[in-house]
Structures are given as structure tokens and as C-alpha cells.
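This report concerns only the one structure given below.
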Amino acid sequence: MAQVQLAAAHGQPVQDDVSQAPLALRGVTVSYGAEPVVLSVDMTVVPGAMTAIIGPNGAGKSTLLKAALGIVTPLAGQARFWGTPLKTARDRIAYVPQRASVDWDFPTQVLDVVMMGLYRELGLLRRVRPRHIAHAMQCLERVGMAGFADRQIGQLSGGQQQRVFLARALAQRAELYLLDEPFAGVDAATEMAIIDVLKSLRDDGKTVVAVHHDLSTVEAYFDRVFLINRRRMAEGPVAEAFTSDALQATYGGRLSDGFVARSA
Amino acid sequence: MGAEFVALSLPPLLIGTLAAMACALPGNFLLLRRQSLIGDAISHVVLPGIVVAFLLTGAVAALPMMIGAAGAALLAVLMIEAIRRLGRIEPGAAMGVVFTTLFAGGVLLLERSDTSGVHLDVEHALYGNLESLIWLDASGWASLGDPAALAGLPPELPRMALTLLAVLAFTLVLWRPLKLSTFDEGFARALGLPTTLIGLGIVVMAALAAVAAFDAVGSIIVIAMFICPPAAARLMTNRLGRQVIWSLGFALLSAVLGYTLAGYGPLWLGYTASVSAAGMIATVSGVILGLAALFGPHRVA
């Protein structure tokens, strides 16, 4: 009921597809201090597609994902997954945090990190069976890291660390994958490996949403874009929503140091 | 020799060892969360709690003092969180402000109140009274099987043993969430883990260990054990499970070696008096950390 009111309050048609959308945000506002970082954002993720969340630094891209996942508590608004609250959808969602958000000196091994993706299956005390380990190894295999299972995570390169995070998300066997800057600071080979995995997920009918900052690869990698600069600026298929007007509106004067310079 | 050892040395040795291990265990997680200072903070802030408990009850009794200490620890945690959030400053600074203020308040309370007649002073708070925890009912190793003699054991011994058991049970049962939320809090929250509660649980376990150990062994051992054995253990291995086991081993080694050196070391060197066991145990743990930093196989280059 509340979501209908919120959507109506923003002057948008109340859409049926909230119940189908792997993720639907309505009126989400997040603030860390006085200034809101994300302001009354609506977002409707289309199933079976790859969506890029794009916007300048500080535009609230990561915060939007965190608010959807309950990692930060929004001031207002709500997130629905397939029409249900987060609580009942957790087993169908995988999350890849920013690589820089954790301490890679932590005393643990690559395989251990991937096994963390099985936590909802293993719980507090359930025994780790050979099939669990086999599954984790398969996930490492998919990102080309099977040979590194016993390595301490601090000994990996940035790209390798990112692949391990992706393998952990794969281990979750989810239907919706939310990734925060999966290509930040990785080598070209890793970027290709990651995009291959994400595309194969999409081809299997999964839904992928990634915070992305490289405007030059948007068209090659993604089906849809969501432009944000605190507020929602545009949303839709790349061909329709990824326009220079929308980018200009999203990035304002800052676009010149980004996309235009790169494509020139 | 046997009778004297069982009566005079065994209880303080066991209590010191149990206290060291109980503090080192949660210290592992504090270290990895970069919250080691919280152990320092807790062991300081329990002082005003203990003094207030004494002023209210007028006696040096274990239970009210533990309640007072726990209350002060809780107050400190809330103050640290409040200052950190409202003041938007880093946790280290918030802890520094809170624990020095509360400790200073405790010292003032001690001075202004009439505690001169009882064994409650700043030195006691720092060093504890490990050497005085003797077992007068013991007549030899056989006393360990004699219920009547066992009833005369210093109450700190079963209290410390229970504390270690509680901290150990907490760590074993919650091992996976503890590890997950310490390594990657965002991911843990996305899985639905109550990470704030887990973080609070670690601090409560640390507070429990600190409060229980404080009376017996003083804050010097508590502070040292929260940091030195886990830090040394981290340099010995790249696996969390092994790190925890190493840290317990280092805590045990520090307690046994420190107690022995304090009691007999000066005699070997030709001095007549022994030195503070608490001070020596803490020093040994620092030396172990130094050796691990120099020779440990997993130092970060």
C-alpha cells in the first residue's frame, strides 16, 4: 500500500512490474549527514538483463545498492525484490562489495572466502561437506582462479582479488547479482574474464546490476543503464537512455574530464 | 616443595593463565577489527564502576564489584558509540576520550572516598593481587581430590575458568559469523547477519574477560593480553583458526613464564625480592610479540 502511495506521489504510473522486477526501489532517500546522498530514487530492474548504474563520484551509486540490501538504512522509501521484502528474498541475491572495502591482510585463504558465499546454506554449525567444497572450487574455476585456492588473499593482485569476490557471489547461486564497481582497478584480462562470467549469468536468465564508472565500455557490456546523480536522471535500454543529453544532465560540467575526453 | 607449590604457586599460576587466555581470545577479533584499544578502554573504565560499587555496598565483595565494573564497561561502550556517531570522529579518538575521562573519574572517586581501610587503590587496579591468591587449605597434590580443601580455593579460580569457558563457547558457536563480519561487514549484512550485534557481542565478551580478570590480575595483564598474544599469533600464520590457537598458546606461555620469572628470576640474578608477577607476565608477552615481529614467518613485507 505504502509503495503505491509513494509511486503515485511521484507522479508516475503505478506499475505492475514491481512484482516481477528482481529489484524495485521506490522513493529511496539516504543521508549520512545533513545532505541526502540519494534523494527519492525510483528504480525498476528488468529481469534477465545487465544494468549499469552510472553517475559521477559521490552521486550515490554504491549507496543505492547498499540501501537496497539493507547495509545502510534509508531515511525513506523501500526496496522490493520480486515484489517481496528483502528478508524473504535474501537467498536469491548475491552481492559483490567494493574490493577496497575490506582488509586484504585478513588471515584467510581464497577458498575460505568463496566458502563464505555458502553461509546461508551452512549456517552456524552445519558441517562442510565435500560437495560444498566442490561447488566453491567450481566457482573459482569459472573465474579462472582454481589454482589459487590455498593462497592467502593478501598475496593476490587486485584483479585476482576481484575475481575471488565474484567467485564468492557465484557460490551464492543467486538469481540477482548486485556488484559494486567490479572493474575498479583490475587488469584488462580480469575485466574480460569478469564480463564473460556476467554475460553468461545473463544468458542463463539471471539479472545483473553493476555500479560502473567507465562510460566508454557501457555500450559493449550492458543492456540497460540507470543514470544517477543523487536523483534518478535516466533509466532504460542503453540505446534509449544512454544519450549525450542524459549524460550532460547527470555529469553536468564534470563530463568533459570523463567521457568526452576519452572518446575524443 | 610439592605442598608449597600447590598452596602458594598453583592457584595464582592457574588464575593468571586462565585470565591471559580469556583476554587473548576476544583480542584476536579486536585486533583484526582494529579495535584493540577497546580492551585498553574497558580495563580502565572498570575502575570507577568498582569504586562506585564499593561506595554503595561498603564492602570489597566480588559480585557487586563485577556488576559495577560491567555497568561502567557498558556505559563506556555507549559513550564511545555516541561520541563516534554524534561527533563523527574516528573510534580511536572516541575511545581515548572516554577511557581517560572515566579512569580519571575513578581515581578521583578513590581519593575522595574513604577507601584507605580496604585493599582498594590505584596500584591494586594496575597490578591486581595475583601473588596473594593462595590456597591455604592445600597440603599437597592430593588436595586436588579433596572436596573440603577444594572449597578453600580462591574464588577467582572458578570465576576465571567459567569466564574462559563462556568466551570460548561464544567464539566456537559464532565462529562463522564472527569471521565473516570481521572480514567483510558489508557482505555479512547483505547475507542478513546482525553485524552490529556481532560487533557488540565481541565487545561484551572482551568486557566480560576484562572485568573478571581485572580483580585478580589487574589491568596491566588485561591490556597486554588483549593485544600482544593475538598480534604475535597473526605473525605466525595466515589462517584465522590457527591464529586463535597460537594466541592462546602465547597467552599460556606468557603467564607461566612470566609468573616463574617474577618469582624466581630475581633470585637467580642474586636479588632477594621477587618482582610483580602481573608486570612480568605482561613483559613476557611483549617480548614474545617482539620475537614474532622479528622472526615470525608471516610478517607483512
Side-chain angles (χ1 to χ4, degrees), chain A residues 32-34 62 65-73 86-91 93-113 115-126 128 150-155 164-165 168-169 171-172 174 176-178 180, chain B residues 28-35 84-89 169-198 201 230-247 292 296-301:
Chain A
Y32 292 127
S62 300
L65 281 192
K66 288 180 183 165
L69 287 164
I71 296 169
V72 298
T73 312
L86 173 63
K87 219 173 156 184
T88 54
R90 278 216 161 95
D91 286 324
I93 307 166
Y95 173 51
V96 178
Q98 270 180 34
R99 186 167 57 84
S101 68
V102 308
D103 173 12
W104 290 92
D105 279 336
F106 192 87
T108 195
Q109 271 59 42
V110 166
L111 184 63
D112 243 16
V113 172
M115 293 293 291
M116 289 178 186
L118 292 169
Y119 176 76
R120 288 188 65 84
E121 196 177 327
L122 288 168
L124 281 187
L125 299 168
R126 231 158 288 144
V128 174
D150 289 330
R151 287 283 184 91
Q152 202 268 326
I153 53 173
Q155 296 165 356
V164 171
F165 260 17
R168 180 176 68 174
Q172 293 182 270
L176 169 64
Y177 291 79
L178 302 175
D180 199 345
Chain B
N28 282 289
F29 293 99
L30 295 179
L31 177 84
L32 293 171
R33 290 166 167 256
R34 310 195 186 282
Q35 288 180 335
R84 196 171 69 81
R85 297 198 175 181
L86 298 177
R88 295 185 175 282
I89 56 172
F170 172 86
T171 310
L172 288 176
V173 172
L174 295 181
W175 179 257
R176 284 175 191 161
L178 283 171
K179 181 173 174 177
L180 239 168
S181 64
T182 301
F183 170 59
D184 190 343
E185 187 168 6
F187 185 76
R189 291 197 73 150
L191 288 175
L193 286 172
T195 54
T196 313
L197 213 60
I198 293 167
R234 176 65 190 90
L235 301 169
M236 301 304 291
T237 173
N238 268 334
R239 286 173 190 271
L240 182 59
R242 290 179 194 171
Q243 177 191 318
V244 168
I245 292 166
W246 271 104
S247 76
H298 292 286
R299 289 164 294 134
V300 178

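Just so we're clear, the structure is a prediction, and the values are computed from it rather than from any experiment. Side-chain atoms are counted along with the backbone in the values below, which use heavy atoms only and exclude waters and symmetry mates. The sequence lines fix the lettering, A, B, ..., with proteins before strands; numbering per chain opens at 1.
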Checking Arg84(B) now: which residues fulfil side chain to side chain donor-acceptor pair (under 3.5 Å) with it, not counting sequence neighbours?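 Partners of Arg84(B) under the side chain to side chain donor-acceptor pair (under 3.5 Å) test: Glu81(B).
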When you compare the side chain of Pro107(A) with that of Gln243(B), does any pair of heavy atoms fall below 4.5 Å?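 Touching, per the 4.5 Å side-chain cut-off.
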Taking C-beta and beyond as the side chain, do Asn238(B) and Gln155(A) meet within less than 4.5 Å on heavy atoms?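 The answer is yes, as the side chains (C-beta and beyond) meet within the 4.5 Å cut-off.
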Can you list the residues that meet the ring-ring contact (aromatic ring centres under 6.0 Å, His included) rule with Tyr119(A), with sequence neighbours excluded?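 Expected list: none.
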Could I get the full list of ring-ring contact (aromatic ring centres under 6.0 Å, His included) partners for Phe187(B), not counting sequence neighbours?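 Applying ring-ring contact (aromatic ring centres under 6.0 Å, His included) to Phe187(B) gives none.
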With only heavy atoms counted, which part of [X] is less than 4.5 Å from chain A, the side chain, the backbone, both or neither?
| X | result |
| --- | --- |
| Leu172(B) | backbone |
| Arg88(B) | side chain |
| Thr195(B) | neither |

Heavy-atom pair with the smallest gap, counting every atom of Pro177(B) and Leu124(A):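 Looking at all heavy atoms of both residues, the closest pair is CG-CD2, 3.3 Å.
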Cationic N near anionic O, under 4.0 Å, Asp184(B) to Arg168(A):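 Judged by the 4.0 Å cut-off on N to carboxylate O distance, Asp184(B) and Arg168(A) do form a salt bridge.
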Salt-bridged, Asp112(A) to Lys179(B), with N to O below 4.0 Å?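 Yes, this pair counts.
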Tell me whether Arg239(B) contacts the main-chain N or O of Gln109(A) through its side chain, where contact means a donor paired with an acceptor under 3.5 Å.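 Not at all, since once roles are kept as given, no pair shorter than 3.5 Å links the two residues.
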Mind telling me whether Trp104(A) and Phe183(B) have parallel, tilted or perpendicular rings, with 30° and 60° as the class edges?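 If you compare the ring of Phe183(B) with that of Trp104(A), the planes turn out perpendicular.
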Tell me, side chain or backbone of Gln98(A) under 4.5 Å from chain B's heavy atoms, or both, or neither?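 Neither part.
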Most contacts with chain B, counted as non-hydrogen pairs under 4.5 angstrom, among Leu122(A), Leu86(A), Asp91(A), Val96(A):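 Of Leu122(A), Leu86(A), Asp91(A), Val96(A), Leu122(A) has the most heavy-atom pairs under 4.5 Å with chain B.
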Would you mind telling me which of Val72(A), Leu125(A), Ile93(A) has the largest number of heavy-atom pairs within less than 4.5 Å of chain B?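 Answer, by heavy-atom pair count under 4.5 Å with chain B: Leu125(A).
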About how many Å separate CZ of Arg126(A) and CZ of Arg176(B), when rounded to the nearest 0.5 Å?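 One finds 8.5 Å between CZ of Arg176(B) and CZ of Arg126(A).
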If you round to the nearest 0.5 Å, how far is CZ of Arg120(A) from CG of Leu191(B)?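 Those atoms lie 7.0 Å apart.
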Residue-level contacts of residues 28-35 of chain B with chain A, using a heavy-atom cutoff under 4.5 Å: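 When heavy atoms of chain A are the reference, residues 28-35 of chain B contributes Leu32(B), Arg34(B) within the under-4.5 Å range.
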